[in-house]
Each structure stands twice: as structure tokens, then as C-alpha cells.
Amino acid sequence: MANQDKKSKKGKWGRRAFIVTGGLVGGGLVIGVGGNIYVSNQIKKFSGKGFNKGDSVMNAWVSIAPDNTITVAVPRAEMGQGVYTSLPMLVAEELEVDVNKIKVFHPQPESPYANTTFLAGGPRDVHKGLSVIEKIASFMNIVGTGGSTTIVDGFGTYRAAGATARVALVRAAAEKWGVQEGDCYAEDGHVINKSTKEKLSYGDLAVAASSIEVSEVPAFKAQKDFKVIGKPIARLDVPEKVTGTAEFGIDVRPEGVLFAAIKHPEHLAGVITSIDNITEVEALPGVKKVVMLADGKGVAVIADNTWRAKNATLTLEVTEDSKASEGLSSASISQKMKSIIDNDEMIATPEDEGDVEGIFGKEGVKIIESVYEVPYLAQATMEPLNCTVLVDGEKAKIWVGHQFPSMAKSKVEEITGATDVEIHVTYLGGGFGRRAELDFVEKSAEVAAAMPGVPVQLSYTREEDMRYGMYRPTATSKFKAVVAADGTISAWENKMALQSVMNNSMLRMMPSQAPKPKDDIMTIEGAAHLPYAMDNRKVAFGHLDVPVQVGNWRSVGSSQNGWFTEAFMDECATAAGQDPYLFRKSKLGAFPRFEAVLDKVAEISGWKNPKEEGVFMGIALHKSFGSIVGEVAKIRDLGDKKIAIEEFFCVIDCGRIVNPDTVEAQMQSGIVYGLSAAMYGKITIGGGKIIEGNFPEYEMVRMNVSPQMTVHIMEVDEYPGGVGEPGTPPAAPALTNAIYAATGDRVRELPLVKSGYTFV
Amino acid sequence: MAELKINGKSINVEVEGGMPLLWVLRDELNMTGTKYGCGVSSCGACTVMIDGVATRSCVVPVATAVGKEIKTIEGISPDGELTAVQQAWIEHQVPQCGYCQSGMIMAAEALLDKIPAPTDEDINAEMTNICRCGTFQRVRSAIHSAAKLRANQSEMLG
């Protein structure tokens, strides 16, 4: 066997199973993940913290209690997308246990739990072991949630965790009975002896099984045998979320906890240089301490109650250096983007097929030209940003809802100097990319370090949360196209101007890894490599350099590019005099999965049927994070720019489905998130400051304007794609295309309220 | 010192009268089921019932709540038996991140107390809370289900 050859050459850490055995919690370090040769055993280690004492740990993901309770370690953020259920489902499928009886906890961010998809760009093949790049990701300890990668990354790993544990249990039973492994099988938490029908529960076998090494990842079940995967499973976290007992970061109350609020510089890239009334503020009721944060990035007040802390921050008198954002406004930024495009200051041309200039230069061609623009957007998680830290000498403890606990932990180590740091990851009251940032962790650590021995919970007020943002970048796209009489797109050019999210956010968090703006592929996510047939195409972008922090926002580049490209496709259809659905369909011959989604959404929406008077539809199709989504908006035009969005139809091809109810929920969620941005969303800059500070100014979809949504999930036997984000990008173009159909008004700037639209 | 009646119990708190009820609940009494979302009565995450009326506790000075019946998410199913609304929430798998759901459920309980069989228009008018995950469609379905459940329950009791 090839494995053994390598093993003999490299000794102990030769190519072995992906997953080896665990042990009894409390018995010291357990080994969790095997791997290939040429790698230290560092990436196989995990502490076992979080598993119950007395449980037998089968591997880094699964433990079994004597009473047969199965516990699954889920190192991904539960921020609404259902991963505390979908990942245990994968374990349950292969382990042959009832998913409803699984207990879930969030483990420490250790190497076995690395999300290798972030670096490798795709799933790992657990039967082959880790590739070099996956080992690097593990070694770098990248434990995080984002980019709709949880299922993409975990579809193999979690089944492997379940299957390996099952085989160990079956072997333990076989040994006990003195029979062959093949004489036994696993079913519903028990191993059964085929001939005698004797039964042993997993709980009875767990201690013995945990010391059995399964050297190869067993073959996975065939899809036809699935009992759990693909079935609508009730979420394990829902009961806690209807009784108010689910614990979010802002809810943790360690003994003796104090509460802190923060005042950030009021200007973008501002620096607070001095506090002028510390004594007065420290004398306010409940106030314990005023803390100036490093580099003048804020002033925190620690008090015995969040409200008192917040009130105290409002009385702070500070001096602020605001030079960096002098004269900065949304209008000046918009102007700058247009000039980058008009002066052709492109820094990268990720797609350049054929000769678009040649077509544009031809005599007599009719060129369609349009400029689109979107504003900055806040993620506006319902739970304002917060983090609780206790610093106690070498030790520190963190309680936080975070998408990247490994980075949060490193940041606290860096700030406090603590070497023994434990992180308790709670539920996230929304993430949407904002909780992938470290600002609130860093500040919380600084504040707690000023009050050693006391846990301090720093939370942003809604205003501080909204004004100290890591926004979806504002962006402009200028399109030029030539559409032939037969509807062929002879040339398509898209020149964009925007800030680079990857460059900006990585400079904050991991400067050494920050790509240059020209190398940030997220910028053109959803703008380049469109599935539509085009004779010549070119996509280029220029870099907007302004002192505004930008970050990940649900669907990232696709959040604007989905709208830009699908709105302009509609313009091309109009230019060709063709139906927007048929126009798109005619260009998808090379991509049957796209075409099937488009056909299906046209079918379920009744696209071709005659409409009631005043009712109109718009269609959009977009792929992001490995999944293809088509959406149709059905609106009622009430005149005077008053619109009722009556229904949305959505079709997703995400490959194999893990939990269809979650997929449906994520599509509904993504549509509402996308509509909120299209209808109302804007973060405006004036005088170097962010204008909007709270919900009345940053409005979003509420019950009265939320459309009825119908979601259809395609049955496609392909590797799973993501579902957390792909529902968002097509929502805006489906809506604006419907508005065009209704009114003839081609809105090229979001949000729609800015053009005078209202919604009922 | 103020004596509050929360979920049927008398509780003494020692805070300034201007402190919003929300922060008394969360930071003085560690009753964290009621959430902070905006502080300006816009999002509804902090909804509790005061004398049976859905109220946004982030703008209610605690002094004005003295002597009134305050009911929070912790108080609607104290013996562990879920209310019709909570059952319907599970049936329809409403919550996603879940942060707004305490407030959403309290608003729904108050709505059904006032209007036992609400129409979609009633729901639009009364359910003005923000859910950033966009669970509105399921909230709507769950309210209709809960209305039926409640009707069945009272029939059985009657």
C-alpha cells in the first residue's frame, strides 16, 4: 500500500489516516488529524477543551458519553446560516446517529479545525489527505467562517469524522464479540451483531473505540443511502432562540463583569490626540475608568452598566486630528471614481478576450454606454459589535461572537502579552462579514488590559457601530457594449473604480499577507467570466484611494457586480429588442447549469404568462460562492414611483443539498438583505464624517415591504456550493429590471429611494 | 430604589430613575433575553410587555415602569411549556441568527393578545421590528399558525 511505503520512509508521521483516534478527555493532549508526510505533527494537535469530562473523544470533532450522548465540535460561526445543524448532520449521516440528539459546542480555534478552503480555494479530498496548501492553511491555523465556505470546506471533513468514529466503534464491538468487523454493522447509535442480533450502544463501546486507530478514512455512504443529508432537519439552535436563552457575545456575564462603551474619532481616519476632561468623566456615577486607546483610535469608558458607560462617553471632551479626511464627501468620492474611469487609470485587466476596441472603432456601430454607481453600505448586524475580555497575568479569556476566532485569539495575545488564552465563541447576532474584523476585539483587549483581573465587556452603541464601519465599498462601473441586430453581444466592456476590500482589510489584520489592489480578485467577483456568450469582452478596474475603511459585506464583490452586470444585461436585451429572459437564455448554451436555473425561475414565476394590469417582472441570474441563483421580482407599479414588491421567485443550484430548509431560509434572507440595499441602503460621507448613525437613517426592509418569496432548489449531483451569500446579488437587478419594465426608468444608482422611489 | 414587578415577581433595583428598563434588565438583573439593538425605539429588539402592551424598553425610563406588570421573554413560558407563538416559531423554523427574535416574539404575543386572528394587514401594521436576517415571511406564517393554535387551546379550555 502506497501509504505504508511512505510511512516506512518517514517513520511516525508517514502518510496516515486523515483522522486518527482521540482518547478520554482529561487524559492530556489528544491527537486529532493525520496528514501526509513532510509536515510536523503540529497541525494534528487539539486540546480537547470543550468536550465533556468523561466523554470518549473519537477524534477532533466527535465525542461519545457513556449515556450515548454524541457531542460534535463545530468550529464555525453560527450567525444564522445554520452551521450548528448542517455540520452535525454530516457527522450523523456517517456515524448512524439521530441528529436531533447531538450536542454542539464551539471548540478552541486549533489546527484540525482550519478552514483550508480559504487558502486552497476549494474543498479538500479527505481520502487523499491534505495538499501542501491545505497543510499551510492548517499550520497557519486559519479557523474561520466566511465566503459561504462552511459546507464547501466541511462536506468531506465532517463525514470523515463520523465515518471514522463509526468504524472504530464497529471494530470495538467486533473485538468484544470475537467476530469479524464485517459481521457487525452500525445503526441508530448501536453496533449490531449480524448473526446473533446482539446490540451494544455507542456509549458502551466508546472507551474501547477511542483507542482504536482507523488508519484510512472509510468510504462514504452513497447518496441513495442518505438518511439525513438532503432532508429538511429542524435546526438544533432554534429552541434556545425562541426562549431568549441563546447566548450572544453581548449576553455573557462572567462574575464581576464591567461594561465599557467607546467614543471613536468622529472623522474618517481621525485620531484622538487628547482627552480634556478625564477627571470629570471618571467622577460620573458608576464610572470606573477612562481609557485612551493606542494610536488615538478611541476613548473607552469602563463602568458598572453599559448605559452609564455610554452616557459617560457622550460627555467626553476630546481633541481630534481630522486632517486625513479633510474635504472628503460622497460627492467628492463619486467624482474621483468617475475621473479614474474617464482618465482610464486602470490598474488591472482581469479579462480581455478578443478586441473590444476594434469593434467600438468600427464605422457605424451603435455603442450602448451606461455608468452605474453604488454607495458604501454598513453590514448593520442586529447585535452591535462587542467583545468581552479578562486579562489575568499570563492568562486571558475572550468571549465573543466572531467569524475568525483564531485571529481574534492571536490579536488578544498580541495586545495583552498573555500566553494562555482561551476563547469562548458565542452565537453571533449577525455577521455578514463585519464580524470577520478585529477592531472590536483589539479595543476590547486594550480596555480589559487596563483593568486586570476583571472581565470587561466593550460594546459599541448602534451609532458607533454604524459610523465606525468596515463598509461595502462604493463603486462605479462604466459599461460599453455593441449588440448586433440578431442579439449577439459583439463587444462588452466594463471599467470599474473602487477600493480593494482584500487590500484594505488585510492591511488591518494581516499586513504581510495583504494583496496589492491590482491582485484582489474579489474586486471583479461577479463582473468577469460571466457565463454569457460574447464575441469580445474586457473587464478592467482602477483603484480608488480614499481613507475609508472597507470590508466584507454579504456577497462582497458580487454585491455590486451582480447588480451592475445584470442591470446592464437588461439594457443589452432592450437594445436587441428581445425579452430579457430569452436574451439571456440564448447566450447560455455553453453553461447548461446556468440555463437550467434561468429556465426554472422563468417557469415558477410565470414569466411568459400574461400579467395583471400594473404588474411587471424583472429577471436576474448570478453565480457566486459556487452556487448559481436566478431570481424574478414581481412588482406592482402604483404610479408616482410608488412600488409594491409583491413576490420574489428564486431558484438555486448549489449542487448537493445538505439541509434544504436552511437553503430556503438563506435564499429568503439573502433576497431581503439585497433588497434592503437596493431600496434604502446608503452610508453617506459629508465633511469627512459618516452621516448615518442609526436605523431611522439607515432603513431596511421590514415586515410591511417584505415580499412573498418562493424558493426552488435544483437537484444536482455535484459538489456543494455555498448558500449564505449567493441569494443576495440577484435581488437588486431583478428589482430594478422590473422597475424598468414597469416605468421605462433605468435607474443606474442605488439606493432607489435616492431616485424618489417609495415602497409599500 | 425602585420595586419592579417582572414576570410576576417583585424585584428591587437600585438605579437612577432615568435608566432605561432595557439596561436594568440586562446589566442589573442579568436578564439578557431582551436585546439592545438601537437605543432609539426603532428596531424592536428590546420589546417587552408592560401591562400587556408591546413596549420598546430601550426608551422606557425605569421610574415610569414602577408598579406596572413587566413581562419579558424569560417570563412567557416559565414552566418550560412553550407558548403557541414559540411553538409556531419552531414549527416554521423562524430564527436565523436569532438576535431579534426575543423582541419579535414579544411583539407577536402582544399582537395576538390584542387581535386573536390578525390579517396580513394587521401583521404589517403591528410587526415593525427589524430582522436583519430577513425572517419576515416565516414570522408572518408563524403568527397565523400561532393564532390557530391559540384558538384551539382556548376552545379546549373553554
Enquirer: Show your working on side chain to side chain contact (heavy atoms under 4.5 Å, CB included) between A:Met382 and B:Cys43 and close with a plain yes or no.
Expert: CA-CA 9 Å; A:Met382 282 310 292; B:Cys43 77; 3.9 Å; yes

Enquirer: Output the distance between atom SG (B:Cys133) and atom CD (A:Gln81), rounded to the nearest 0.5 Å.
Expert: 9.0 Å

Enquirer: Sort A:Asp237 into side chain, backbone, both or neither according to what part of it lies under 4.5 angstrom from a heavy atom of chain B.
Expert: side chain

Enquirer: Which answer fits A:Asn694, side chain, backbone, both or neither, if we ask what part of it has an atom under 4.5 Å from a heavy atom of chain B?
Expert: side chain

Enquirer: Given that the side chain runs from C-beta out, which part of B:Val85 has a heavy atom under 4.5 Å from chain A: side chain, backbone, both or neither?
Expert: neither

Enquirer: Taking every heavy-atom pair that is under 4.5 Å apart, which of B:Gly39, B:Cys131, B:Cys38, B:Ser77 has the most such pairs with chain A?
Expert: B:Cys38

Enquirer: Which one, A:Met79, A:Glu383, A:Glu240, leads in non-hydrogen pairs under 4.5 Å with chain B?
Expert: A:Glu383

Enquirer: Give a yes or no answer on whether the side chain of B:Gln137 reaches the backbone of A:Met709 with a donor-acceptor pair at less than 3.5 Å.
Expert: yes

Enquirer: Looking at A:Thr306, is its backbone amide N or carbonyl O close enough to the side chain of B:Asp27 to form a donor-acceptor pair, meaning the two atoms are under 3.5 Å apart?
Expert: yes

Enquirer: Who wins among A:Val252, A:Val705, A:Val672, A:Leu675 for the most heavy-atom pairs under 4.5 Å with chain B?
Expert: A:Val672

Enquirer: Checking heavy atoms, do the side chain of A:Ile250, its backbone, both or neither come under 4.5 Å from chain B?
Expert: both

Enquirer: Determine the minimum heavy-atom distance between B:Gln93 and A:Val238, stating which atoms define it.
Expert: OE1-CG2, 3.9 Å

Enquirer: With a 4.5 angstrom heavy-atom cut-off, is it the side chain or the backbone of B:Arg138 that approaches chain A, or both, or neither?
Expert: side chain

Enquirer: Do you know which of B:Gly37, B:Gly33, B:Ser102, B:Gly134 has the most heavy-atom pairs under 4.5 Å to chain A?
Expert: B:Gly37

Enquirer: Using non-hydrogen atoms only, which part of B:Thr135 is less than 4.5 Å away from chain A: side chain, backbone, both, or neither?
Expert: neither

Enquirer: Give the member of A:Met703, A:Lys241, A:Arg462 that has the highest number of heavy-atom pairs under 4.5 Å with chain B.
Expert: A:Met703

Enquirer: Which of the residues A:Tyr427, A:Phe432, A:Phe259 is involved in the greatest number of heavy-atom pairs with chain B at under 4.5 angstrom?
Expert: A:Phe259

Enquirer: Please determine, among B:Ala125, B:Pro95, B:Ala45, the option with the most heavy-atom pairs under 4.5 Å with chain A.
Expert: B:Pro95

Enquirer: Rounded to the nearest 0.5 Å, what separates atom SG in B:Cys97 from atom CZ in A:Arg435?
Expert: 8.5 Å

Enquirer: So, are A:Asp251 and B:Arg26 salt-bridged, with charged N and O less than 4.0 Å apart?
Expert: yes

Enquirer: Distance check, rounded to the nearest 0.5 Å: B:Ile130 atom CD1 versus A:Tyr698 atom OH?
Expert: 11.0 Å

Enquirer: Is A:Thr461 in contact with chain B via its backbone, its side chain, both, or neither, using a 4.5 Å heavy-atom distance?
Expert: both

Enquirer: Can you say whether A:Ala246 sits under 4.5 Å from chain B via the side chain, the backbone, both, or neither, judging by heavy atoms?
Expert: backbone

Enquirer: Counting heavy-atom pairs under 4.5 Å with chain B, which one of A:Val242, A:Asn704, A:Val257 comes out on top?
Expert: A:Val242

Enquirer: In Å and rounded to the nearest 0.5 Å, what is the CD1 to CZ distance from B:Ile90 to A:Arg235?
Expert: 12.5 Å

Enquirer: Less than 6.0 angstrom from the centroid, inside 45 degrees of the normal: does A:Arg702 satisfy that with respect to the ring of B:Phe136?
Expert: no

Enquirer: Please report the interatomic distance CH2(B:Trp89) to OG1(A:Thr243), rounded to the nearest 0.5 Å.
Expert: 14.0 Å

Enquirer: Let's go through A:Asn311 and B:Glu16 carefully: what are the C-alpha distance in whole Å and the side-chain angles of both, what is the deciding distance for side chain to side chain contact (heavy atoms under 4.5 Å, CB included) to 0.1 Å, and is it a yes or a no?
Expert: CA-CA 13 Å; A:Asn311 283 348; B:Glu16 49 275 52; over 6 Å; no

Enquirer: Identify which part of B:Leu22 has an atom lying under 4.5 Å from any heavy atom of chain A, answering side chain, backbone, both or neither.
Expert: neither

Enquirer: What part of A:Pro232 gets closer than 4.5 Å to chain B, counting heavy atoms only: side chain, backbone, both or neither?
Expert: neither

Enquirer: Is any side-chain heavy atom of B:Val40 closer than 4.5 Å to a side-chain heavy atom of A:Glu463?
Expert: yes

Enquirer: Can you tell which of B:Gln101, B:Arg140, B:Met104, B:Glu74 has the highest number of heavy-atom pairs within less than 4.5 Å of chain A?
Expert: B:Arg140

Enquirer: Given side chains that start at C-beta, do those of B:Tyr99 and A:Pro384 come closer than 4.5 Å, heavy atoms only?
Expert: yes

Enquirer: Measure the CD-OG distance between A:Glu697 and B:Ser42 for me, rounded to the nearest 0.5 Å.
Expert: 9.0 Å

Enquirer: Do side-chain atoms of B:Arg132 reach the backbone of A:Gln379 as a donor and acceptor pair under 3.5 angstrom?
Expert: yes

Enquirer: Under 4.5 Å, counting heavy-atom pairs only, tell me which of A:Ser706, A:Gly430, A:Ala665 racks up the most with chain B.
Expert: A:Ala665

